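From a predicted model like this one, the values you see are computed outputs, not experimental measurements. Residue numbering restarts at 1 for every chain, and letters A, B, ... go by the order of the sequence lines.
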Amino acid sequence: MRVGVITFPGSLDDVDAQRAVRYADGEAVPLWHGDHDLKGVDAVVVPGGFSYGDYLRCGAIARFAPVMQEVIEAANKGMPVLGICNGFQILAEAHLLPGALTRNHKLHFVCRDQWLAVENNTTAWTTRYDRNAEILVPLKSGEGGYQADEDTLKELEDNGRVVFRYVGDNPNGSRNNIAGITNARGNVVGLMPHPEHAIDALTGPTDDGLGMFLSLLDTVVKA
Amino acid sequence: MARVVVDVMPKPEILDPQGQAVANALPRLGFDGVTAVRQGKHFELEVADDVDDATLAKIAETFLANPVIEDWTVRRVEA
Amino acid sequence: MARVVVDVMPKPEILDPQGQAVANALPRLGFDGVTAVRQGKHFELEVADDVDDATLAKIAETFLANPVIEDWTVRRVEA
Amino acid sequence: MIDTVKNAEATPDQEQPYKELGLKDDEYARIKEILKRRPTDAELAMYSVMWSEHCSYKSSKVHLKYFGDTTTDEMRGKMLAGIGENAGVVDVGDGWAVTFKVESHNHPSYVEPYQGAATGVGGIVRDILAMGARPLAVMDPLRFGRPDAEDTKRVLPGIVAGVGGYGNCLGLPNIGGEVVFDESYQGNPLVNALCVGAMRVEDLHLAHASGTGNKVILYGARTGLDGIGGVSVLASETFDDTAGKRKKLPSVQVGDPFTEKVLIECSLELFEKGLVAGIQDLGGAGLSCATSELASAGDSGMHVRLDRVPLRATGMTPAEILSSESQERMCAVVEPANVEAFMEVCAKWDVIATEIGEVTEGDRLVITYHDEVVVDVPPRTVAHEGPVYHRPIQRPADQDELQANTPDSLPRPGRDELLALVKTMAASPNLASKKWVTQQYDRYVRGGTVLAQPSDSGMIRIDEETGRGVALSTDCNGRYTLLDPYEGAKLALAEAYRNVAATGATPVAVTNCLNFGSPEDPAVMWQFEQAVKGLADGCAELGIPVTGGNVSFYNQTGSTAILPTPVVGVLGVIDDVRRRIPTGIGAEAGETLLLLGETHDEFGGSEWAHHVHGHLGGRPPKVDLAREKLLGEILVAGSRDGMVSAAHDLSEGGLAQALVETCLIGEVGARVFPEGDLFTSLFSESAGRVLVAVPRTEEQRFTDMCTARRLPWRKIGVVDPESNALEVQGLGELPLDELREAWEGTLPALFD
Ligand SMILES: Nc1ncnc2c1ncn2[C@@H]1O[C@H](COP(=O)(O)OP(=O)(O)O)[C@@H](O)[C@H]1O
Ligand SMILES: [Mg+2]
């Protein structure tokens, strides 16, 4: 399994995403924002961080990077793509996922260990979890509030496209406590919390996040 | 050279925690009479004379604002 | 009820990384002709009619802006 | 017109605003003597910043020398670079070198809390980068005025957001710090920032400009009018009619963490490819500092062409370019053959890089502006041979009175009030949970954080293969230091040392940030001298060297100085982070709680006297560094042999607070049976104590070891996974959710 991990100027959790891929026995392939091809990878992770400083809006500049045009094309053809935190924001800006991420309702950056309910275990990235399993992973973001109009929310809810939901008090003002969603096809998943920081209880709260990368392994092997 | 101002505001139906925080703080600081505050972004651009209004609108719509959550206005101002 | 707009901008001599990021990105997105961008904050306030200009100036100066690094303007607009 | 050297020679009597620039008459005279003429505007700007207290250490130098004098060769054994370099470097084993340093950014953070704190973090990170290391983590010891004061509501949230905003965006985990409140910091908060980095031993880069013909390359952000502050008096003289008088510029800088992040990655790639012969960060005093220090530390001269410096503002004068404190810039010395490759790496990262000069023969620093010489100086006189003051020192007249005013006569709580006091103290702003602050900081990024807040120290894994890592803690109790600066500094050292040992790491090196009032006040100078002596003597006793630090004077409001605040940072090494000792109890079923060390009736400067009675007087707790060392050895041995499942040092708030924290962090109850006078055993702040949890199976082995090594210990309780309460035998119990509300509720109530 070869998994591309994109590095934009200002990406931060790219090393962590690469490590998570390795922990799942995959090969992590670094992709550069200026690349015009995906080096034949089986899947792509768009990692967390502050691409281009996130100065205008999170992900607003990164979405236009050359490598993203390749990702958009591949995703539309069914390649598994995971956007974590800033990666989720980029995928939303790139219209691979609906909605937008806005400033946390309490206006502070929030770093905390967060319980999530896995509500959809049929996406390319979540097959290893039981449906409605609860997992504990870090959440760390300043603009993690998920917003979408009523129609979009209904569409997401009605079709099981809410993949992760916050358990307990809402950390950032997300509509419907949404922590992560998928596209209609189930190959593109974006979430604000950081599964790649929960792959080893030594450096994370748990190893609950590893399941996402192992799920991908199954998806890729099956494909 | 022209000077262009683009204002980007959260859509009315979208929560605006920043504006709300300002509105809540004002009475505490002794300023009464401000009943609502919304906070957005203000851009000042210097643009070449041959950049037309359609291009400016496109810049605002595709880049400076995210139409999912934000409204925008563009106006040319005297330099 | 009056509507008041306060714009807060980084002082010209102060670094404006946000504006710079926008300015640098535009040509990459295929928009040429924008030579400089500065980014600030835009506030829209609803204020009671008895709030005078001096109070508005004070709100801007002491709270909405930090005059050490930012300039501000206040204007009343038609509602 | 630009003031050139030629012009200066031709107009020897022209008046210069040296006083406005902070130079004294005799200092100005000395500059003239060195140059054998009047300085040019640019030279004056350069000398005035470099000879400022901040850059030249003119008041502290004679005292700081004591650190070197008391460091033995044995202590120096693992030190690869020490005081005088950008940051100290220590060999931590497995071929790794670790560099760390703490610096202050106090005043700018008061003026503009967010940006002041942000650029404080940015500055210290560049210091670490300039050693050739990858920055790994940051910490932020902070001090504020009264928690309920209106200005604290302005300053604290801004500073915390600034530390987080910059550090988070750089991708550096925040692994610890302090939040302390005291009236004395009301108009003068302290923002200290620490950075730790690591590199392979052979990759250590020192700031030298050797090798004639080597190029000087400035890279990173453009140079603007930031932080020019004082130097604008020069600008208005040279600028008046053409551009209009330049208004007084703020001496505040705005940071751009994104640019710094890219600068870090770019620099690391440059180091890795071996393209850098020497490197220096640009911090306070900007190019003045970088060029004079690089030239001074090398063995040759340097020629810099100021007109090549990429600018952000128009019409900047040479003096302004030299003094600009624009952030996110570095200066490298590069062999001519490597320049092209250097530029390629910078282009890859979109980093602006400009060759601005070269290393020359001889020993002059010559700076030209459009081919006219505006600076021609011996660099050592700027960078290293600044003025040295022997400031008057006087023990304060009221020091005896202060020490005589002991807390002994303060009314103590009755037995039936003790349990409530445990809760009251847990909710006091200084002891309350700092989660409101720390949850604004990313502690996970890069995946190396093994311990962070609320642990006794932060711990970072350096080597993923071997598991080798380092632990860090910063501490200082300014009340102790006021009561006795010598002992107080030792206590700060002892606490940081103990915090590091409590996580299972072996303390190896020390850094410090000495925050004091005005050096022109003899009483402050006495505090300073005493604190330096205490810290140095303490380090000698512990056998670990001071590898670097920072001095911040003039921290006062009017004539009232802050509490003397020598923040001490201790670095420890752990060969395998998997054996770290956590702070929370309850990891193993049926743990025994042991109290190591001895408790005396010691309440001078205590949190109880402060919070309950607003009292500050008497003597601080006694400090016994031999005992601290023994305690450290026991903890490391306990960690190595898997005998200790949790540990938490006792400090402010004493045993009661340590119990509250271990229970709440571990999310499990405990039953304890303190002995003797219960008030003393619960709230005294005697040093040299640690609360440990040992699995019942290890209890005998561990206590035997303590007994054999003559470390006093006492079984003080048991972990009780069934109970959701802290029970103090004979007094009753405190439900954990009630305690949590008290402990975690205070800061949100104040600052949300
Ligand atoms: N400003 C801060 N930034 C990061 N961590 C902090 C800060 N303030 C406190 N902490 C963390 O909170 C915990 C408790 O702090 P403190 O009570 O000062 O510890 P101690 O008394 O053991 O030195 C520690 O882990 C400390 O590193
Ligand atoms: Mg501690």
Polar pairs (donor with acceptor) under 3.5 Å from chain B to chain A:
unit_1: Q18(B); atom_1: OE1; unit_2: R103(A); atom_2: NH1; d: 2.7
unit_1: K41(B); atom_1: NZ; unit_2: L56(A); atom_2: O; d: 2.7
unit_1: T62(B); atom_1: O; unit_2: R63(A); atom_2: NH1; d: 3.4
unit_1: F63(B); atom_1: O; unit_2: R57(A); atom_2: NH1; d: 3.1
unit_1: F63(B); atom_1: O; unit_2: R57(A); atom_2: NH2; d: 3.1
unit_1: L64(B); atom_1: O; unit_2: R57(A); atom_2: NH1; d: 3.0
unit_1: N66(B); atom_1: ND2; unit_2: E93(A); atom_2: OE2; d: 3.3

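In this structure, the portions of L56(A) lying under 4.5 Å from any heavy atom of chain B include both its backbone and its side chain.
Among L15(B), I69(B), V8(B), the residue with the largest count of heavy-atom pairs under 4.5 Å with chain A is I69(B).
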